[in-house]
There are 2 protein chains.
Amino acid sequence: MPNAVNFLVKNKSTILYGVFLAALLFLLKWLELRFIIINHAFEIYVGAIAVLFTALGIWLALKLSKPKTILIEKEIFTEKPSTFVLNEKELNNLNISKRELEVLQLMSEGLSNQEIATKLFVSLNTIKTHNARLFEKLEVKRRTQAIETAKRLSLIP
Amino acid sequence: MPNAVNFLVKNKSTILYGVFLAALLFLLKWLELRFIIINHAFEIYVGAIAVLFTALGIWLALKLSKPKTILIEKEIFTEKPSTFVLNEKELNNLNISKRELEVLQLMSEGLSNQEIATKLFVSLNTIKTHNARLFEKLEVKRRTQAIETAKRLSLIP
DNA sequence: TTCCTCCTCATACTTTAGGGTGATTTTGAA
DNA sequence: TTCAAAATCACCCTAAAGTATGAGGAGGAA
């Protein structure tokens, strides 16, 4: 039962089309019988039908045609790709240890040696030693240069 | 002259359509005269014409209709454009002068106070004064913090 | 002109950073 | 277990950075 209903719904356009065609034929025949219009009216009928059904075809096509989709790629610049990826190659290449990198990060956050020492639970002298090693490996002379270089090499964000 | 050509080109479809209609009528008439087919063949003619011109209408509509477009914006995340734009609002807000910004930039490049002084043809003490003002305005205590804050506020690249 | 800001410089002092050296402990790999 | 690198710490010294205060000159706005 639902199959029949489904069939009706799915072929609604076709059915309507057939009904419309029948009605039109009936109308034409009725006109012919009633008024016996001009002789050779055949061509007029055909023309009218052609125009009507062409219009119907156009309407059907426009109604049923699937819209063509166009993909437009829109570039969106993110504020800053927060996804920092550490340059491990350079890290290994420069032979910088975990602890040294840790100190380097805190240094770049603006912490003083004493603050870094407190944070890592070690002495100030230890941090100074780490710094000296870092500067040597990064081939710089000051912490500000170390930060600049490390950022450039993606060792720190 | 080009107007006539232009007219032909522009109404190509319409003209073809008319020619096709005429040819079809001629064909039907010829068939009628030649074979005098089944009586009441009128309905068959009309049906055939209807089907043909519906198809023609559909073809025309699909051919000529502008495509219905659905815009789908696809976000493409790209690297942050390397074009640095200075945050002038914040600069004015913090009341940082041109010279101070200049010192700040050189500071972020890892230069020492002495190097900055030499580069700007002023004395070391002058740079120290600028620094003190900068730290006050940026509400920081060290140059490394100043650099970190200034970068975060887009005062320097 | 007067006033204000910016830029400049100096002096004196404190704090922090950095260099050099040496040493001990931890730890991971051979 | 042994060895080397890593991590830890100390001491001493110098260099650089930062603080505080005062002051003079240049230039723009009222």
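Protein chains get the first letters and strands the later ones, always in sequence-line order, with residue 1 at the start of each.
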Is it the case that the side chain of [X] and the backbone of [Y] share a donor-acceptor pair, with hydrogens and angles ignored and the cut-off at 3.5 Å?
X: B:Lys141; Y: B:Phe135; result: no
X: A:Thr118; Y: A:Gln114; result: yes
X: B:Lys151; Y: B:Ile156; result: no
X: B:Glu90; Y: B:Asn87; result: no
X: A:Thr149; Y: A:Ala146; result: no
X: B:Asn92; Y: B:Glu88; result: yes
X: B:Arg133; Y: B:Glu100; result: no
X: B:Arg142; Y: A:Gly110; result: yes

Nearest-0.5 Å distance, [atom1] of residue [X] to [atom2] of residue [Y]:
X: B:Ser154; Y: B:Leu91; atom1: OG; atom2: CG; answer: 11.5 Å
X: B:Leu94; Y: B:Lys137; atom1: CG; atom2: NZ; answer: 9.0 Å
X: A:Asn131; Y: A:Glu136; atom1: CG; atom2: CD; answer: 12.5 Å
X: B:His130; Y: B:Asn125; atom1: NE2; atom2: CG; answer: 11.5 Å

Problem - In one Ile/Leu/Val/Met/Phe/Trp/Tyr side-chain cluster, 4.5 Å: B:Val85, B:Leu155 - result: no
Exercise for the section: Report yes or no: do A:Thr129 and A:Thr126 form a side-chain donor-acceptor pair below 3.5 Å? Expected result: no
What N/O pairs connect the protein and nucleotides 25-30 of chain C at under 3.5 Å? Give each pair on its own line.
none

Interatomic distance where [atom1] belongs to [X] and [atom2] belongs to [N] [whole Å]:
X: B:Glu100; N: C:dT8; atom1: CD; atom2: P; result: 10 Å
X: B:Arg99; N: C:dT5; atom1: CZ; atom2: C1'; result: 16 Å
X: A:Gln114; N: C:dG18; atom1: CD; atom2: P; result: 14 Å

Exercise for the section: Give, ordered by number, those residues of residues 120-128 of chain A having at least one heavy-atom distance below 4.0 Å to an atom of DNA chain D; if nothing qualifies, reply none. Expected result: A:Val122, A:Ser123, A:Asn125, A:Thr126
Exercise for the section: Pull out every residue in residues 130-152 of chain A that has a heavy atom closer than 4.0 Å to any atom of DNA chain D, ordered by number, or say none. Expected result: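 Output list: A:His130, A:Arg142.
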Handout entry: Partner set under salt bridge (charged side-chain N to carboxylate O under 4.0 Å, His left out) for A:Arg99, not counting sequence neighbours
Key =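 Applying salt bridge (charged side-chain N to carboxylate O under 4.0 Å, His left out) to A:Arg99 gives A:Glu102.
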Handout entry: hbond_proxy B:Ser97 side chain to C:dC7 base (donor-acceptor, 3.5 Å cutoff)
Key = no
Problem - Relative orientation of the end axes in the helix from C:dT1-D:dA30 to C:dA30-D:dT1, expressed as an angle to the nearest 10° (five pairs per end) - result: 60°
Problem - Where chain A begins and ends its contact with DNA chain D, read 5' to 3' at 4.0 Å from heavy atoms - result: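 Boundary nucleotides touching chain A, in 5' to 3' order, are D:dA6 to D:dA17.
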